[in-house]
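Inspection log for the structure reproduced underneath, given as structure tokens.
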Amino acid sequence: MKRGLESLNALSAEEAKAELLKCCGSTRWAQRLTARRPFDSVDELLEASDAIWWGLEASDWLEAFSHHPKIGERKAAPEAPPLAQRWSEEEQAATRSARQATLDALLRANLEYEERFGYIFIVCATGKTTEEMLALLEERLGNEPERELRVAAEEQRRITHLRLRKLLEQ
């Protein structure tokens with residue numbers, strides 16, 4: 001069924017929240033964005049999404065991060081809706097053809113990142129090669145924890161924008 005903005009606006013609050021959770025795993029973000037409906041344009045939706053996102057607590061960001069697979073993993077977190085799992089797989093398409101040595105390095109760097117920051121590495125993977133993602137991961141390992149949380153939150157914001165557009169195109 002084609003969703004579109006009009007359809008998103010017409011959904012019940014619970015249905016809209018469920019659809020929005022496919023785009024970003026933060027419950028509070030989805031609830032607040034649902035409450036801001038109706039939207040007159042995609043730009044208005046994206047602006048509201050951003051305003052809500054940057055007004056959330058770090059725990060909300062971490063909740064959203066937890067719904068993503070690790071870069072290089074073949075599946076999303078079990079609690080991610082099936083459509084979000086499919087989007088994750090599409091976004092990480094480059095890892096399917098990556099050399100095993102690169103995937104092994106990615107695995108090691110992912111583990112180091114989780115140990116250092118306490119959450120998985122988040123990157124907007126669309127259009128990036130596995131080597132580019134690995135280089136970004138290694139570079140971001142040098143960030144201070146507070147800075148890295150904001151960098152990861154910005155990456156999640158970019159992913160959310162892509163997914164909101166995909167949701168509306170269905």
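In this chain, residues are counted from 1 in sequence order. All of these numbers come straight from a predicted model, not from anything done at the bench.
- Applying the salt bridge (Lys or Arg N to Asp or Glu O under 4.0 Å) test to every pair with at least one member in residues 32-41, sequence neighbours left out, gives no pairs at all.
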Yes or no on salt bridge (charged side-chain N to carboxylate O under 4.0 Å, His left out) for Glu19 and Lys22, after CA distance, side-chain angles and deciding distance? CA-CA 5 Å; Glu19 290 299 305; Lys22 295 173 184 175; 2.8 Å; yes

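- A donor atom on one side chain and an acceptor atom on the other are not found under 3.5 Å apart for Thr27 and Gln31.
- Taking a cutoff of 4.0 Å between a charged side-chain nitrogen and a carboxylate oxygen, Arg147 and Glu144 do not qualify as a salt bridge.
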Donor-acceptor pairs under 3.5 Å, side chain of residues 115-124 to any protein atom, not counting sequence neighbours: which ones?
| unit_1 | atom_1 | unit_2 | atom_2 | d |
| --- | --- | --- | --- | --- |
| Arg116 | NE | Leu141 | O | 2.8 |
| Arg116 | NH2 | Asn143 | O | 2.4 |
| Tyr119 | OH | Leu149 | N | 3.3 |

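- Checked against side chain to side chain donor-acceptor pair (under 3.5 Å), Ser26 has no partners two or more places apart in sequence or in another chain.
- The CZ atom of Arg163 sits 9.0 Å away from atom SG of Cys24, with the distance rounded to the nearest 0.5 Å.
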Pairs of donor and acceptor atoms involving the side chains of residues 9-18, under 3.5 Å and at least two apart or interchain, shall be tabulated with distances.
| unit_1 | atom_1 | unit_2 | atom_2 | d |
| --- | --- | --- | --- | --- |
| Asn9 | OD1 | Phe39 | N | 2.9 |
| Asn9 | ND2 | Leu5 | O | 3.4 |
| Asn9 | ND2 | Phe39 | O | 2.8 |
| Ser12 | OG | Glu15 | N | 3.1 |
| Ser12 | OG | Glu15 | OE1 | 3.2 |
| Glu15 | OE1 | Ser12 | N | 3.0 |

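- Cluster membership check: Leu20 shares its hydrophobic cluster with Val42, using side-chain heavy-atom separations under 4.5 Å among Ile, Leu, Val, Met, Phe, Trp and Tyr.
- The salt bridge (Lys or Arg N to Asp or Glu O under 4.0 Å) check on Glu63 picks up nothing, with sequence neighbours excluded.
- Residues satisfying the side chain to side chain donor-acceptor pair (under 3.5 Å) criterion with Thr102, sequence neighbours excluded, are absent altogether.
- In this view, Arg150 satisfies the salt bridge (Lys or Arg N to Asp or Glu O under 4.0 Å) rule with no residue, not counting sequence neighbours.
- Not a single side chain to side chain donor-acceptor pair (under 3.5 Å) links Arg165 to another residue, sequence neighbours left out.
- Here the NE2 atom belonging to His67 is positioned 12.5 Å from the CG atom belonging to Leu62, to the nearest 0.5 angstrom.
- By the ring-ring contact (aromatic ring centres under 6.0 Å, His included) test, Trp61 is found to be paired with Trp53, Trp54, residues two or more places apart in sequence or in another chain being considered.
- One distance of note links CG of Leu21 with CG of Leu167; it measures 11.0 Å at 0.5 Å rounding.
- For the atom pair Met133 CE and Asn110 CG, the distance stands at 10.0 Å (nearest 0.5 Å).
- No side-chain N or O of Trp29 forms a donor-acceptor pair with one of Thr160 less than 3.5 Å apart.
- Remark: Glu139 engages no residue in a side-chain contact (heavy atoms from CB on, under 4.5 Å) (not counting sequence neighbours).
- Residue pairs meeting the salt bridge (Lys or Arg N to Asp or Glu O under 4.0 Å) criterion with at least one partner in residues 46-60, sequence neighbours excluded, are Arg28-Asp60, Asp50-Arg157.
- Glu138 pairs by the side chain to side chain donor-acceptor pair (under 3.5 Å) definition with nothing, not counting sequence neighbours.
- Pro145 is not listed as a side-chain neighbour of Glu148, based on a closest heavy-atom distance of 4.5 Å or more.
- Minimum heavy-atom separation, Ala64 to His68: O-CD2, 3.4 Å.
- Put simply, CG on Leu8 and CD on Glu6 are 11.0 Å apart, with the number rounded to the nearest 0.5 Å.
- Gln100 and Asp104 share a donor-acceptor pair across their side chains, judged by distance under 3.5 Å alone.
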